[in-house]
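Presented below is the structure to which this report refers.
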Amino acid sequence: MVVADGHNLVNDVGRYLTKHPSYAATDLDAARRYYREWFDIDRLAEATLGQEILPWRDLGIVVFRSRKAVGEAAYHMKEEAAQAFWARQAGNPNTSTVLVDVDGAPSGKDVGMDTAIVVYMFETAPRWEAVVLFTNDSDFVPAVWSLRRQGKRVFCASHT
């Protein structure tokens, strides 16, 4: 199974690309269009895992997201564009998105995202042997240790 912290992942990729020397010469409108129309998390997972992605498709790719805007600076998408972005992600093969929406949470905040991901991994644990977690968030470390103590193989895909 592949699990992605959607907003965290999009921001990490965007930050990585904006630090690349050739990015400075890139047309900002082209960068925005890339994220809105072409950047797909399933493609990133496949490129990261290579031919090894097939075993991870048993439960597919699950992307957790909120209602807030996506990205920063050159790759920022307001809420409406973000919703279209997440709808496109959910339409990709073997991919689904999970909206994490906590009643009463401040608007524009990712409240409950990490907890929702951890709960999902524990609830589905009987159905998988290994998971790849796409995030750059160290909040998941205790859950990863616990799942590993239970005999699960847990990997983290991150640029750091």
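Keep in mind that what you see is a predicted model, and the values were worked out from it rather than measured.
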(request) Ignoring hydrogens and angles, tell me if any N or O in the side chain of Lys152 forms a donor-acceptor pair with the backbone of Ala125 under 3.5 Å. (result) yes
(request) Would you mind reporting whether Val62 and Val98 have side-chain heavy atoms less than 4.5 Å apart? (result) yes
(request) For the pair Thr135 and Cys156, evaluate side-chain contact (heavy atoms from CB on, under 4.5 Å) and give the outcome as yes or no after the intermediate values. (result) CA-CA 7 Å; Thr135 187; Cys156 185; 4.2 Å; yes
Only pairs under 3.5 Å count here: list side-chain donor-acceptor contacts from residues 80-91, not counting sequence neighbours, and write none if there are none.
| from | atom 1 | to | atom 2 | distance (Å) |
| --- | --- | --- | --- | --- |
| Gln83 | OE1 | Arg65 | NH1 | 2.9 |
| Gln83 | NE2 | Arg67 | O | 3.2 |
| Arg88 | NE | Asp40 | OD1 | 3.1 |
| Arg88 | NH1 | Arg36 | O | 2.2 |
| Arg88 | NH2 | Phe39 | O | 2.5 |
| Arg88 | NH2 | Asp40 | OD1 | 2.9 |
| Gln89 | OE1 | Ile41 | N | 2.8 |
| Gln89 | NE2 | Phe39 | O | 2.9 |
| Gln89 | NE2 | Asp40 | OD1 | 3.2 |

(message) Would you say that Val131 contacts Val2 through its side chain, given a criterion of any heavy-atom pair below 4.5 Å between the two side chains?
(response) no
(message) Using only atom types and a distance under 3.5 Å, with no angle test, would you say the side chain of Thr115 pairs donor to acceptor with the backbone of Met113?
(response) no
(request) Would you kindly confirm whether Leu9 and Val141 end up in one hydrophobic cluster when ILVMFWY residues are joined by side chain heavy atoms under 4.5 Å apart? (result) no
(request) For the residue pair Asp5 and Phe140, establish whether any side-chain heavy-atom pair is separated by less than 4.5 Å. (result) yes
(message) Just so I know, are the side chains of Ser146 and Phe122 near enough to count as touching, which here means a heavy-atom distance under 4.5 Å?
(response) yes
(request) May I ask you to test the Thr48-Phe134 pair for a side-chain heavy-atom distance under 4.5 Å? (result) yes
(request) Rounded to the nearest 0.5 Å, what's the gap from CD1 on Ile61 to CG on Asp42? Could you check? (result) 5.0 Å
(request) Show your working on side-chain contact (heavy atoms from CB on, under 4.5 Å) between Leu49 and Val132 and close with a plain yes or no. (result) CA-CA 9 Å; Leu49 301 172; Val132 177; 4.0 Å; yes
(request) Give, for atom CG of Asn136 and atom CG of Asn8, the distance between the pair rounded to the nearest 0.5 Å. (result) 6.0 Å
(request) Report yes or no: do Val100 and Val119 belong to one cluster of Ile/Leu/Val/Met/Phe/Trp/Tyr joined by side chain heavy-atom distances under 4.5 Å? (result) no
(request) Please examine the side chains of Arg153 and Glu129, heavy atoms only from C-beta on, and report whether any two atoms are closer than 4.5 Å. (result) no
(message) Rounded to the nearest 0.5 Å, what separates atom CG in Leu99 from atom OG1 in Thr97?
(response) 7.5 Å
(request) To the nearest 0.5 angstrom, please state how far the NE2 atom of His7 sits from the NZ atom of Lys68. (result) 6.0 Å
(request) Using the test ring pair (Phe, Tyr, Trp, His ring centres under 6.0 Å), find all partners of Tyr120 that sit at least two apart in sequence or belong to another chain. (result) Phe64
